[in-house]
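Structure, as structure tokens:
Not measured: the values here are computed from a predicted model. Any value given below was found using the heavy atoms of this structure, including those in side chains, with hydrogens, waters and symmetry copies removed. Positions are given from 1 along the sequence.
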Amino acid sequence: MSSYYVTTPIYYVTDAPHIGHLYTTVAADILARYHRMRGDDVWFLTGTDEHGQKIQKKATETKETPQQLVDRVVQRYQAAWEKYGITHDDFIRTTEERHKTVVTEYIDKLMKTGDIYLNEYEGWYCVPDETYLTDTQLVDGKCPECGRVVEKLKEESYFFKMSAYAERLRKHIEANPSFIFPESRKNEVLGFLKQEIRDISVSRTTITWGIAMPKDGKAKKEHKVYVWFDALTNYISALSNHPGKFDSHWDQAIHIVGKDIIKFHAVYWPTFLMALGLPLPKQIVAHGWLTDSNRKISKSLGNAIDPMVLADEVGIDGMRYFLFREFSFGQDGEYTKEGMYRRINSDLANDFGNSVSRVTSMILKYLGENIEISPEDLEKPLAVTAALEHYPKNIDAYHFEKALEIVSNIFGFVSRDIEESQPWALAKKEDAESKAKLRKYLLTWRESLRVASLLLYPFVPTSAERALATLGDTVSLKDGKNVWGIVEWNKGPAKVTLAKPVPLFPRLEYKEPAAT
């Protein structure tokens with residue numbers, strides 16, 4: 001049994017979660033569910049980032065204390081992940097004492113080794129992105145990431161000696177080609193490391209909402225820890241109250257992040273860890289943006305899409321499927337409501353749902369509800385052979401859309417084979433050969449759909465379980481652990497009782513938005 005540790009970024013709680021947060025979190029959930037099925041010892045972490053200037057400003061606007069603000073907003077994240085069936089093993093908040101303790105311990109250690117030192121910072125700062133910038137990084141005097149106005153800062157600050165670890169990091173990335181996914185993001189990070197790497201500020205004196213820097217008797221003012229050192233440490237601080245988890249899981253960590261925070265995860269975080277003498281994570285996986293009219297969908301740009309509304313509109317499993325069938329994970333993808341409806345209707349209502357309904361109805365009609373299945377009843381189709389071979393490879397390579405395409409080929413086979421074999425005509429014949437042929441067709445289609453439903457489970461867990469129950473498979477996927485053996489052909493129960501099918505995915509009616 002292998003250890004598998006998957007994380008999302010911790011989300012900034014100035015406002016409710018949006019579809020971009022959902023995309024990242026469901027990706028991690030798919031991986032967690034898949035690896036549990038494979039028998040791996042999975043640990044899945046998500047959480048919230050609750051310190052910094054943005055929180056402080058937002059709380060002032062809403063007439064709350066920062067703690068009241070984060071306590072209120074964090075509930076919306078927890079509710080969203082519960083609704084979408086996110087199977088995280090832990091939820092970390094940076095306002096928790098377990099987190100503050102580890103951050104303080106790490107900062108104190110680096111101050112004592114000289115990797116964090118006191119100096120004065122003068123330069124530009126982007127409040128929305130919590131990012132320090134140089135003159136050369138600005139684009140038309142604005143933040144290169146979000147395009148907004150930056151602030152000029154001059155203050156006493158503690159700095160981290162990132163420059164001392166840049167070359168070591170570059171060598172690690174080049175020696176470990178899979179450390180950063182996809183290739184384009186790896187090249188982006190290597191390009192950054194070829195530039196002059198400056199030491200970075202890790203404290204602020206102008207904010208009050210944050211973790212206090214340890215006192216070394218040198219600073220004239222009280223300092224708070226810079227939000228990125230605070231936030232990134234969550235991946236380890238969350239393990240602090242789970243005995244043995246750091247030793248068993250940390251070096252297997254897979255960080256799932258958006259491409260806009262790749263620099264912090266692939267440059268800042270590894271150099272922090274190097275300075276602390278800690279192992280690096282196994283891999284940093286950066287997905288693309290969901291876009292609306294070629295603009296990133298985000299809270300800060302004012303075009304956020306509420307996943308709770310979408311859940312009610314098109315269904316939880318519909319959303320989970322759409323996000324990972326429609327888009328290539330490492331690339332940007334243009335979100336449209338029309339495209340979402342089309343994909344869910346085509347793949348889930350027409351192909352998946354209709355295939356399960358048709359096959360189950362015919363078995364009930366021609367063979368009855370209680371069936372005993374023998375190997376002679378089944379003939380493994382090429383679509384299933386291909387899926388069982390290539391599905392795991394594509395999941396491991398984060399090609400979620402290809403994995404789902406392979407599964408959809410099974411539904412395509414079933415639909416074509418039904419039309420070509422015409423079971424309703426065979427059912428009218430009384431000879432033994434026709435009856436045996438009908439039985440083989442029906443039970444081969446049923447077994448194909450059983451395998452396909454199991455492969456869909458990480459993506460659409462509720463619907464996959466309903467499909468399996470309709471097909472008469474009594475397997476329990478409540479925790480989904482170590483069930484990969486039954487995904488193989490003819491590994492289901494020998495005796496099954498089928499249920500009367502109900503629509504798994506009722507067709508959605510798309511309505512053009514009213515003209516304004």
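Surrounding CD of E488 are more than 12 heavy atoms belonging to other residues, nucleotides or ligands, all under 6.0 Å away. The number of heavy atoms from other shown groups lying within 6.0 Å of CZ (R98) is above 12. Within a 6.0 Å sphere centred on NZ of K263, other residues, nucleotides and ligands contribute more than 12 heavy atoms. Dense packing is recorded around NZ of K380, with more than 12 heavy atoms of other residues, nucleotides or ligands lying under 6.0 Å away. Crowding of K481 atom NZ: a count of heavy atoms from other residues, nucleotides or ligands under 6.0 Å not exceeding 12.
Here L290 contributes atom CG and E326 contributes atom CD; the two are 10.5 Å apart, rounded to the nearest 0.5 Å. Between L442 atom CG and L426 atom CG the span is 9.0 Å, to the nearest 0.5 Å. Interatomic distance, CD1 of I236 versus CG of L273, reported as 5.0 Å (0.5 Å rounding).
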Kindly indicate, with the supporting measurements, whether the criterion salt bridge (Lys or Arg N to Asp or Glu O under 4.0 Å) is fulfilled by K245 and D89. CA-CA 12 Å; K245 275 287 181 284; D89 297 287; over 6 Å; no
Y398/I254 under side chain to side chain contact (heavy atoms under 4.5 Å, CB included): CA gap, chis, key distance, verdict: CA-CA 12 Å; Y398 308 108; I254 309 290; 3.6 Å; yes
One pair to check against side chain to side chain contact (heavy atoms under 4.5 Å, CB included): I10 and T94. What are the steps and the verdict? CA-CA 9 Å; I10 51 173; T94 58; 3.4 Å; yes
Applying side chain to side chain contact (heavy atoms under 4.5 Å, CB included) to Y335 and L323, what does each step give before you reach the verdict? CA-CA 9 Å; Y335 165 86; L323 290 172; 5.6 Å; no
Under the side chain to side chain contact (heavy atoms under 4.5 Å, CB included) rule, what do V314 and M340 come out as? Steps first, then yes or no, please. CA-CA 9 Å; V314 303; M340 176 175 67; 3.9 Å; yes
Should K171 and E174 be marked as a salt bridge (Lys or Arg N to Asp or Glu O under 4.0 Å) after you check the CA-CA gap, both sets of side-chain angles, and the distance that decides it? CA-CA 5 Å; K171 290 179 178 178; E174 291 180 343; over 6 Å; no
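A donor-acceptor pair under 3.5 Å is formed between the side chain of R320 and the backbone N or O of Y84. At least one donor-acceptor pair under 3.5 Å links the side chain of D431 to the backbone N or O of S434. The main-chain N or O of G353 is never found under 3.5 Å from a side-chain atom of S357 such that the two would form a donor-acceptor pair. Looking at S448, its side chain never comes within 3.5 Å of a backbone N or O of I410 through a donor-acceptor pair.
Below 30°, between 30° and 60°, or above 60°: for F400 and F329 the angle between ring planes is above 60°, a perpendicular geometry. Between Y391 and W484, the two ring planes are parallel [angle under 30°; tilted spans 30° to 60°]. Classification of the F246-W250 ring pair by plane angle, with boundaries at 30° and 60°, yields parallel. Between Y441 and W445, the ring planes lie parallel to each other; the angle is under 30°, not in the 30° to 60° tilted range.
For F44 and Y5, the ring centers are positioned 6.0 Å apart or more. Between H265 and Y235, the distance from one ring center to the other falls under 6.0 angstrom. Two rings, from Y34 and Y457, have their centers 6.0 Å or more apart. Aromatic ring centres of W228 and F264: separated by under 6.0 Å. Between H287 and F327, the ring center distance fails the sub-6.0 Å criterion.
Contact annotation: the side chain of L69 never approaches that of V13 to less than 4.5 Å [non-hydrogen atoms, C-beta and beyond]. Residues W424 and I418 have side chains in contact (heavy-atom distance under 4.5 Å, counting atoms from C-beta outward).
Taking both residues in full, the closest heavy atoms of P270 and L169 are given as CB-CD1, 3.6 Å, listed atom of the first, atom of the second, then distance. Closest approach of D230 and V103 over heavy atoms only: O-CG2, 4.0 Å.
Look at R93 and E50 and you find a salt bridge, because one of the NZ, NE, NH1 or NH2 atoms lies within 4.0 Å of a carboxylate O, short of that distance. A salt bridge does not link R466 with D317: none of the charged nitrogens is closer than 4.0 Å to a carboxylate oxygen. A salt bridge is defined here as a Lys NZ or Arg NE, NH1 or NH2 lying under 4.0 Å from an Asp or Glu carboxylate O, and K282 with D251 fails to meet this definition. Comment: D29 engages R33 in a salt bridge, judged by a side-chain N to carboxylate O separation of less than 4.0 angstrom. Contact check on K440 versus D377 returns no salt bridge, with no Lys/Arg side-chain nitrogen under 4.0 Å from an Asp/Glu carboxylate oxygen. Salt bridge absent: K402 and E405 never bring a charged side-chain N and a carboxylate O closer than 4.0 Å. A salt bridge links E188 to R185: at least one charged side-chain nitrogen sits closer than 4.0 Å to a carboxylate oxygen. Contact check on K429 versus E433 returns no salt bridge, with no Lys/Arg side-chain nitrogen under 4.0 Å from an Asp/Glu carboxylate oxygen. Salt-bridge annotation for R36 and D41: absent, with no side-chain N of the basic residue lying under 4.0 Å from a carboxylate O of the acidic one.
Test T474, I373, I363 against V496 for side-chain contact (heavy atoms from CB on, under 4.5 Å) and you get one pass: I373.
Counting only residues at least two apart or in different chains, salt bridge (charged side-chain N to carboxylate O under 4.0 Å, His left out) contacts with residues 354-367 comprise R358-E419. Screening residues 342-381 for ring-ring contact (aromatic ring centres under 6.0 Å, His included), with sequence neighbours left out, gives F352-F411. The stretch residues 489-505 participates, sequence neighbours left out, in these side-chain hydrogen bond (donor to acceptor under 3.5 Å, both in side chains) pairs: N370-T497.
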